[in-house]
Amino acid sequence: MSNITVCARFRPLSSKEERIDDSSVCIRRIDTETFVFKDEKEEDFTFSFDRVFYEKSEQADVYEFLALPIVRDAVNAINGTIITYGQTGAGKTYSMEGPGILVCDETKKGLLPRVVVGLFDTLNRSDGEDIKYSIKLSMVEIYMEKVRDLFNLSNDNIQIKESKTQGIILPGVAEKTVQNPAEALQSLSRGIANRAVGETQMNMASSRSHCVYIFTILQEYTKHKRSKSGKVILVDLAGSEKVEKTGAEGRVLEEAKSINKSLSSLGNVINALTCGLPGKANHIPYRDSKLTRILQDALGGNSRTALLCCCSPSSLNASETLSTLRFGARAKHVKTFPRFDCNEEKCAKDSCASLPLVDESCSRILSKLRERMNVDDVKLLEELFILEGIVFDPQSVEELESDYEDLTLQTISSLQAALEQCMSTVDELKMENSILKAKLGATTKSDACKEVKSSVFTNMISGILNFFSSWLVHTAPSSC
Ligand SMILES: Nc1ncnc2c1ncn2[C@@H]1O[C@H](COP(=O)(O)OP(=O)(O)OP(=O)(O)O)[C@@H](O)[C@H]1O
């Protein structure tokens with residue numbers, strides 16, 4: 001069974017595509033799941049996805065098929081992620097946001113405003129007397145391998161960490177508690193506006209960053225002192241494009257390289273996930289990019305994930321469309337089976353061949369406990385299990401190794417800085433020393449000079465005194 005719901009969406013031909021004579025539509029619909037794609041060499045490829053949204057598809061259809069099941073699950077404490085992928089101008093932002101977050105024709109509203117309304121609706125419907133809920137919202141963007149808080153632009157290098165109980169977390173990121181859809185939309189619109197401010201500040205071309213929207217839903221059962229939480233993450237990826245085709249240079253080229261690197265890391269993670277066999281340890285390179293690290297839970301099987309592959313229907317973009325569709329087809333083969341990121345060598349060394357079972361049983365027990373106990377008690381119990389070595393967590397080992405590596409690198413660089421500082425202080429002291437020596441030399445000379453002068457003077461005075469005294473002796477009366 002596939003873990004990821006993968007859909008393809010074709011936007012209508014743009015006016016530019018329509019104007020160009022040799023532009024034609026490169027897809028032929030078979031049904032709602034299958035179509036034939038014709039590439040630049042007129043070769044046919046048949047693709048099947050969970051759903052195909054053709055040019056005339058409605059935003060509401062995309063939401064209902066792709067996002068609504070995720071919204072409902074999030075309210076039941078199952079995390080979900082929705083990703084839009086595709087070349088620049090293929091309709092990712094249109095699908096995600098619609099033409100506007102605050103003011104927009106109802107039928108054109110994108111996934112984001114619909115998810116907001118869907119979350120509040122589902123929570124209100126399931127609202128019992130003893131349930132209190134809250135929704136928190138964070139927004140970050142990944143630009144040139146840096147994660148920036150869109151609610152606090154000065155927080156521009158957020159680290160990504162992993163918690164045993166909460167999965168991937170972004171320590172220090174601003175979280176806005178939103179009480180109703182209107183408040184949530186206001187916050188989203190502020191974050192989107194900040195994104196534009198940042199783009200201008202950094203002289204960044206539009207949509208050159210990956211934008212990540214995180215909704216955390218917390219429900220507390222006041223009577224039973226229990227709580228549960230779920231997350232919905234929406235990701236509007238930067239456009240995938242062929243650098244050679246755009247003729248990019250300088251900063252734009254660097255941006256494109258960084259985007260392509262993170263998107264190919266995403267492809268590598270998907271490949272690694274699809275190539276692994278159940279029960280066999282397989283290294284998944286989540287740490288290769290900030291994007292894959294943030295999406296680790298979404299891709300690794302701890303979350304329900306939906307991928308919308310946005311495409312142009314025009315034959316002018318056939319090669320980009322083919323690579324988008326291939327990406328989607330590969331993602332479709334990601335299977336659900338317990339995740340373990342340690343490589344084979346490490347597994348053999350740590351004799352954790354039975355990890356999948358341990359992990360499976362552990363998550364089963366913990367999720368049962370979560371239903372009965374207070375979240376904090378479950379966390380404590382889990383910490384205790386890990387401390388006692390009852391539960392072995394390869395993730396935390398990897399995390400420790402990475403933290404150790406970070407610390408070592410930090411120590412090396414601070415030692416290097418200290419060494420440089422010492423060397424420049426030594427240079428300064430050497431300079432001062434030579435200046436002082438020179439001064440000393442000059443002073444010694446002038447002192448010697450003074451000494452000579454003063455001894456001449458003293459000799460003169462004593463000569464005069466001698467002269468006077470002898471004169472006095474000679475001139476004094478003899479009787480005296
Ligand atoms: N399904 C659609 N129906 C009507 N118009 C669409 C649709 N999808 C996209 N468009 C239009 O196509 C243009 C490009 O779409 P959009 O900005 O969403 O692309 P994108 O993939 O987000 O590009 P980028 O990577 O540069 O952000 C926009 O003018 C948008 O309004």
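Counting convention: from 1, in listed order, for ligands and their atoms alike. The figures here come from the full heavy-atom set of this structure, side chains too, leaving out hydrogens, waters and symmetry mates. In this chain, residues are counted from 1 in sequence order.
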Within-shell test, [X] vs ligand 1, heavy atom, strictly < 4.0 Å:
{"X": "C310", "value": "no"}
{"X": "S14", "value": "no"}
{"X": "Q87", "value": "yes"}
{"X": "R9", "value": "yes"}
{"X": "G86", "value": "no"}

D236 versus Y213, side-chain donor and acceptor atoms under 3.5 Å: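 Short answer, no.
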
Shortest reach to atom 13 (C) of ligand 1 by a heavy atom, considering only S15, G89, S209: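 Among S15, G89, S209, the closest heavy atom to atom 13 (C) of ligand 1 belongs to G89.
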
Options K108, K92, R11, E97, ranked by nearest heavy atom to atom 21 (O) of ligand 1, top entry: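 Residue with the shortest heavy-atom distance to the ligand atom: K92.
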
Would [X] count as a polar contact of ligand 1, with the cut-off being nitrogen or oxygen pairs under 3.5 Å?
{"X": "A238", "value": "no"}
{"X": "S95", "value": "no"}
{"X": "G91", "value": "yes"}
{"X": "Y94", "value": "yes"}
{"X": "L237", "value": "no"}

Smallest separation among heavy atoms of G167 and D297, with atom names: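 Smallest interatomic distance, heavy atoms only, reads CA-OD2, 3.4 Å.
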
About how many Å separate [atom2] of [Y] and [atom1] of [X], when rounded to the nearest 0.5 Å?
{"X": "I169", "Y": "I158", "atom1": "CD1", "atom2": "CD1", "result": "12.0 Å"}
{"X": "H210", "Y": "K92", "atom1": "NE2", "atom2": "NZ", "result": "10.5 Å"}
{"X": "L66", "Y": "T305", "atom1": "CG", "atom2": "OG1", "result": "10.5 Å"}

By number and element, which atoms of ligand 1 are closer than 4.0 Å to a non-hydrogen atom of [X]?
{"X": "P12", "answer": "1 (N), 2 (C), 3 (N), 4 (C), 7 (C)"}
{"X": "A90", "answer": "19 (O), 20 (P), 21 (O)"}
{"X": "G239", "answer": "25 (O)"}

Plane angle bin for F35 and Y54 - parallel if under 30°, tilted between 30 and 60°, otherwise perpendicular: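 Answer is perpendicular, since the angle exceeds 60°.
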
Parallel, tilted or perpendicular: ring planes of F327 versus Y85, cut at 30 and 60 degrees: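 The rings of F327 and Y85 lie parallel, inter-plane angle below 30°.
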
side-chain contact (heavy atoms from CB on, under 4.5 Å) partners of P285, counting only residues at least two apart: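 In terms of side-chain contact (heavy atoms from CB on, under 4.5 Å), with neighbours along the sequence ignored, P285 is linked to N268, V269, A272, H283, D288.
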
Greater than 12 external heavy atoms within 6.0 Å of R29's CZ: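 Buried by this count: over 12 neighbours within 6.0 Å.
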
Side-chain donor or acceptor of Q219 paired with backbone N/O of V75 under 3.5 Å: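 A pair under 3.5 Å: yes.
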
